[in-house]
Amino acid sequence: MDSAQNAEAMTAPHGRQGGKIDIGVAGGGHFIAGFLIGAAALTAASLALLGIDWVRLAGRAGDIGLIFWRMAHFTLDHVDFTLLSFMDTFSIMVLATVYSLFLGLAFGLLAARNVAGPVIAPVVKAVFTFLRAVPTPVWVLLTLVCFGFGPVAGITGLSVHTVAFFTKSFAQAFEDVPEDTVDALRALGATRLQIIACGILPSAVTQLIAWTALRFEINFSECAILGMVGAGGIGFAISAAIQNYDYGEAGLAVFLVFLFAFCMERGFLYVKKIMK
Amino acid sequence: MQEPLLRFDDVSKVYRNGVQGLSHVSFSVEAGEFVAVIGPSGAGKSTLLRSINRLQDITSGRVLIRGEDISRESGRKLRAMRAGIGMIFQNYNLVYRLSVMQNVLHGRLGYMSSWRGMLGLYSEEDREKAAALLEEIQMGDFLNARAADLSGGQKQRVGIARAFMQEPELLLCDEPIASLDPSSAKIIMDMLSAMTKRRHMACLVNLHQIDAAKTYAGRIIGLRRGTVVFDGPPEALTDAAVETIYGVPASELAMKECVS
């Protein structure tokens, strides 16, 4: 077998190949080849399953430019509706993230092994792993059934996924706090709550801020999509405008989304810079 | 007969993986004693110190603080006993994002109600005491500096101030100078020695450096494989005694220290 010989050569102490010294990890070459072959096979299978009509696709490609051209010519006929929808999206994002932040802090502590102990922490983690595995739009659809169409369903549905996200990332941040720090506070007679408030939270605060900023960004883009499943906001405005072939209106809404997302990212970068 | 400040009564510790940390250790320490604990790595020096304030539990025997067995206590009583025992660590173990003052004031947490401590509601008296302590260790200019921004020697001084803030009767120092350069190490040892003497505080110091142990300690305990193999004044620590503790001739040990 050729590959067996290859493996032998690679695990040899000074694996020379073609006169050059092999600098990779011994036996590491097969993984990448396997990955590429696997990816190719899956791509072929997916294309076959979807049955994409390539001829029609090529025929329509020219329209993309035309649509963008139309969208670039903003129309202001329904600008009040667009702006109101945008404010809806903004409010949903802020409320969902802030509510989840508090819940995430509480559950994050319960999911951190060095805070809640080796029994409770894995159970809490498992519950939230399940919640996180279900995508946000599905949660929103489920909450739509309970609360009806509108922002309440959006906030609740988005919060489920956000709490699960915060629980996992905050628990990780708490677990990264060195055991030494906790030991020192235990040794001087601090209570469990004092150790959390005086040792664990201050040590983890930079990471908590970074995760919250990231989630604000994710939640904004999630919000933009959620409108399309009926949770209100800018997503609804975009899909309604496109359905009416009102490309100028849709273009304005998309531009607003882009502008806000861009400003938010710059803003958080600045915050991170001052936090060091 | 009055109980000594600290008494180990036939203490043994077996780790879950079967390693014997301490085996039948018995000794006692009186108020005001400065004791150095020496021994090779893995001899049980850290285990010894950490079983006093219950950062580690012992397997059998008793650790008595003024006659009370701390190894059986839990909850409120354990915290009250811990509050009376200060500890200084090799890696300082501060909360690095907080200020020097906040770190020093942590020394009062064991004496405060849980919520007052959580909210950082330290009394004015405690604040003044913390500032005075920092003045005493020449850190008066750094009250509001972030602990992360200090040098190693400065961090260890904050660790000392935090421990003294507890007004403990007993101070435990786990390799306090192992991460420091020689001049910082000397400053720290001088401070520990002078400050404990002034307050008539008992001090138990784990050390790697035999020279430092001989210079500062009034008494030396030598550990080897979890057993006390030497217990006496520094004058009695002969080359033969050093060989029993470290398992290699003292001359060879000196050579190694020079090289490293």
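Excluded from the calculations below are hydrogen atoms, water molecules and symmetry mates; all remaining heavy atoms, backbone and side chain alike, are included. Below, chains carry the letters A, B, ... as their sequence lines are ordered, and counting in each starts from 1.
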(message) Quick check on B:Leu172 against chain A: is it the side chain, the backbone, both or neither that has a heavy atom closer than 4.5 Å?
(response) neither
(request) For atom OH of B:Tyr111, decide whether the heavy atoms of other residues, nucleotides or ligands shown that lie under 6.0 angstrom number more than 12. (result) yes
(request) Look at B:Arg76, B:Arg54, B:Gln166, B:Arg79 and state which one has the largest set of heavy-atom pairs under 4.5 Å with chain A. (result) B:Arg79
(request) Might you confirm whether atom CG of B:Leu119 has over 12 heavy atoms from other residues, nucleotides or ligands at distances under 6.0 Å? (result) yes
(message) Can you tell me which portion of B:Arg50 sits under 4.5 Å from chain A's heavy atoms? Options are side chain, backbone, both or neither.
(response) side chain
(message) Keeping A:Gln194 on the side-chain end and B:Gly110 on the backbone end, is there a donor-acceptor pair under 3.5 Å?
(response) no
(message) Does anything in residues 195-205 of chain A reach chain B? List residues with heavy atoms under 4.5 Å apart, or say none.
(response) A:Ala197, A:Cys198, A:Gly199, A:Pro202, A:Ser203, A:Val205
(message) Please classify the contact of B:Tyr96 with chain A as side chain, backbone, both or neither, using a heavy-atom distance under 4.5 Å.
(response) neither
(request) Please list all pairs passing the salt bridge (Lys or Arg N to Asp or Glu O under 4.0 Å) test where one or both residues lie in residues 112-122 of chain A, with sequence neighbours left out. (result) none
(message) Would you say that more than 12 heavy atoms from the other residues, nucleotides or ligands in this model lie under 6.0 Å from the CD of A:Glu265, or not?
(response) no
(request) Using a heavy-atom cutoff of under 4.5 Å, enumerate the residues of residues 177-193 of chain A that contact chain B, numbered in order, or state 'none'. (result) A:Asp180, A:Thr181, A:Asp183, A:Ala184, A:Leu185, A:Arg186, A:Ala187, A:Leu188, A:Gly189, A:Ala190, A:Thr191, A:Leu193
(request) Heavy-atom distances under 4.5 Å only: say whether B:Ile85 touches chain A with side chain, backbone, both or neither. (result) backbone
(message) Sub-4.5 Å heavy-atom contacts with chain B: which residues of residues 160-170 of chain A show up?
(response) none
